[in-house]
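All figures in this text were calculated on a predicted structure; none of them were measured in a lab. Chain letters run A, B, ... following the sequence lines, proteins first, then strands; residues in each count from 1.
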Amino acid sequence: MIPGAHLPPLRAARALSARLCPSQHLCSEGSRNGGESRRDTLQSNGDGILEGEEEVKGLDAGHFRPEMLLRLPPPGGPPESDDDDGEDLSPGHGSRRWFFEDVRLEADRIFRILLQDGPGFSARQALDEMRPKVSIKLMREVLFRILVSVDSVNRERYPKLAYRFFVWAGQQEGYRHNTSTYNLVMKVFAQCGEVKAMWRLFEEMAEKGLPVSARTFHLLICASGQVGLRRRLVERFIKSSTFRYRPFRNAFNAILHTLLTIEQYSLIEWVHQKMIFEGHSPDVLTYNIVMRAKYMLGKLDQFHRLLDEMGKNELMPDLHTYNLLLHALGKGDKPLAALNLLNYMSDVGCVPNVLHFTNLIDGLGRAGNLEACKYFFDEMVKKGCEPDVVCYTVVIASYVAAGEFEEAQRYFDDMLVRGQLPNVYTYNSMIRGLCTAGEFDKAFSMLKEMESHGCTPNFSVYSSLVSRLRNAGKDSQANTVIKYMTDKGHYLHLLSRFEGYERC
DNA sequence: TTAGGGTTAG
């Protein structure tokens, strides 16, 4: 039994953080650079699980022994539900549909009117004459039409149209803009690079006392390029009485989460410092976000310190914490510590699922430990946890990266047998593998095959295939691929990126 | 919008 299992939350969490020793790194890179011999992150215990020496590969990384088995509850799971009829056929559904259909038609008309605005035609007057019933739904429909039609030609004109309509609608009786309509106009502005106008709208929201949401923050922070500006924005939101999150910690969490989605890790550190300074206690979500940021920034000591602190604060790691830890252990090539952690999770009732295994396998694959990837994949299946398309893709990509295409192919075939449909990620990995193996004809066949299976290749796949063909001196085959792409009508606007290609 | 996993050339 692993220490910490079945203990009350505080003791269990502290036991976990003790086992992921703060003084030792999860990732092997740190110790390689430091030149010191590395030990595995999990502490020694009564079961004798422990101590991985550096450079030991495969399942031996971390002194893996056959008796160390993965413990998961027996396969089974909840009984299958058969009461799902799909469609909602409740009364009123039809009339609701008609209502929405009417709104869409009205939005189409308004959009056409707006497009005509200019000398000799007043959209405002036409809208007055049309007298549409302005509602939040209608606003969303119209603004959405503008948003999806923005391109490089109209990006100066469309924000003006959107704003003109927005102002007109705001003057109509019985209607008031809410946060979501402000956010939508801001989104149009953002799409067109009208940052100052976004800030003006933000000020207007404040003046009207309209609540600002995490979405508002997201839009503004994405549009604010400089660090100073971003920090000022965070401060504005934190001070804002209309950014309503209670308890107040949740306002910080909303900001932190947004920053995580846009990969602003340093800013996360800064906001976290500010949060602590202002006396707000972090919860599990806070810790998970800040720990992820620390991990991404390579600050593993601080990562460990936070994990330890989390335990001391009586906070139990959750599924997301475990996900991060497993990925880190995988990438640090610590299969033994990962096995330990999976067992620990099961023991404390947080049963690992396919996402945890995928994260772990992904990490191990990046560390180049294919043997461990295979072990955990097999164990997962044995325990009744079905690998899905992402899990298969991660395994395939790992074998491809290691130059073992035959194994990748085996997993590709296996996923088909198990009824998992490859998607664009899977095909991309396979095509890359075939190119690396010099099997260019097969790579091109697979490109065509994915198309016939409803997976449209993205431009990178074409580009990658073409450049690999060219590098191999197969210019004529490269041109065939480009021609195939143009015949399909794909990415014609990017054709110029293929230098030296002349369209026939 | 208070979360969760994957590909990519130049």
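Under the salt bridge (charged side-chain N to carboxylate O under 4.0 Å, His left out) criterion, no residue pair touches residues 184-193 of chain A, with sequence neighbours excluded. Applying the salt bridge (charged side-chain N to carboxylate O under 4.0 Å, His left out) test to pairs two or more places apart or on separate chains, none has a residue in residues 456-482 of chain A.
Across all strands shown, A:Asn183 has no heavy atoms under 4.0 Å from either base or sugar-phosphate atoms. Using a 4.0 Å heavy-atom distance criterion, A:Thr393 is classed as a base contact. Nucleic acid contact class of A:Val394 (heavy atoms, under 4.0 Å, all strands): sugar-phosphate only. Using a 4.0 Å heavy-atom criterion, one finds that A:Val466 contacts no nucleic acid atom at all.
In this structure, A:Lys294 contributes its side chain and A:Leu306 its backbone to no donor-acceptor pair below 3.5 Å.
Against DNA chain B, the stretch residues 281-289 of chain A makes heavy-atom approaches under 4.0 Å through A:Leu285, A:Asn288. Contact check of residues 247-267 of chain A against DNA chain B (heavy atom, cut-off under 4.0 Å) returns A:Asn250, A:Ala254, A:His257. Of the residues in residues 212-221 of chain A, those with a non-hydrogen atom less than 4.0 angstrom from any atom of DNA chain B are A:Arg215, A:His218.
With sequence neighbours left out, A:Lys374 forms a salt bridge (Lys or Arg N to Asp or Glu O under 4.0 Å) with A:Asp378. Remark: A:Lys299 engages A:Glu269 in a salt bridge (Lys or Arg N to Asp or Glu O under 4.0 Å) (not counting sequence neighbours). Not counting sequence neighbours, A:Tyr265 has no partner by the ring-ring contact (aromatic ring centres under 6.0 Å, His included) test. By the salt bridge (Lys or Arg N to Asp or Glu O under 4.0 Å) test, A:Glu204 is found to be paired with A:Lys208, residues two or more places apart in sequence or in another chain being considered. When the salt bridge (Lys or Arg N to Asp or Glu O under 4.0 Å) test is applied to A:Lys137, the partners found at least two apart in sequence or on another chain are A:Glu141.
Nearest heavy atom pair, residue A:Ile221 against residue A:Leu233, reads N-CD2, 3.4 Å.
Side-chain atoms of A:Asn423 and base atoms of B:dG6 include a donor and an acceptor less than 3.5 Å apart. Counting distance only, with no hydrogens placed and no angle test, the side-chain atoms of A:Asp388 and the base atoms of B:dG5 include a donor-acceptor pair under 3.5 Å. For A:His356 against B:dG5, a side-chain-to-base donor-acceptor contact under 3.5 Å is absent. No hydrogens or angles were tested; on distance alone, a donor-acceptor pair under 3.5 Å links the side chain of A:Asp318 to the base of B:dA3.
Ring pair A:His177/A:Phe166 is parallel by interplanar angle, where below 30° counts as parallel and above 60° as perpendicular.
Put simply, CG on A:Leu495 is 16 Å from C1' on B:dG10, counting in whole angstrom units. Atom pair A:Ile361:CD1 and B:dG5:P shows a separation of 16 Å (rounding to whole Å applied).
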Under 3.5 Å, side-chain donor or acceptor atoms of residues 386-400 of chain A against the rest of the protein: list the pairs with distances, not counting sequence neighbours.
from: A:Glu386; atom 1: OE2; to: A:Arg418; atom 2: NH1; distance (Å): 3.2
from: A:Asp388; atom 1: OD1; to: A:Val390; atom 2: N; distance (Å): 3.2
from: A:Asp388; atom 1: OD1; to: A:Cys391; atom 2: N; distance (Å): 3.0
from: A:Tyr392; atom 1: OH; to: A:Asp414; atom 2: OD2; distance (Å): 2.8
from: A:Tyr392; atom 1: OH; to: A:Arg418; atom 2: NE; distance (Å): 3.3
from: A:Thr393; atom 1: OG1; to: A:Val389; atom 2: O; distance (Å): 2.6
from: A:Thr393; atom 1: OG1; to: A:Thr426; atom 2: OG1; distance (Å): 3.0
from: A:Ser398; atom 1: OG; to: A:Val394; atom 2: O; distance (Å): 2.8

Side-chain donor-acceptor distances from residues 270-280 of chain A under 3.5 Å, at least two apart:
from: A:Lys274; atom 1: NZ; to: A:Glu235; atom 2: OE2; distance (Å): 3.4
from: A:Lys274; atom 1: NZ; to: A:Glu278; atom 2: OE2; distance (Å): 3.4

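Of the candidate nucleotides B:dG6, B:dA9, B:dT8, B:dT8 has the atom lying nearest to any side-chain atom of A:Ser460. When each of B:dG4, B:dG6, B:dA9 is scored by its nearest atom to the side-chain atoms of A:Asn323, the top-ranked nucleotide is B:dG4. Closest to the side chain of A:Tyr425, from the set B:dG5, B:dA9, B:dT7, is B:dT7.
Residue A:Arg432 places at least one side-chain N or O under 4.0 Å from the OP1 or OP2 atom of B:dT8. Of the side-chain N and O atoms in A:Arg497, none sit less than 4.0 angstrom from OP1 or OP2 of B:dG10. A close approach under 4.0 Å does not occur between any side-chain nitrogen or oxygen of A:Ser464 and OP1 or OP2 of B:dT8. Side-chain nitrogen and oxygen atoms of A:Arg366 include at least one within less than 4.0 Å of the OP1 or OP2 phosphate oxygen of B:dT7.
Remark: ring of A:His327 does not overlap the six-membered base ring of B:dG5 in a stacked fashion, as centroids less than 5.5 Å apart with planes less than 30° apart are not both met.
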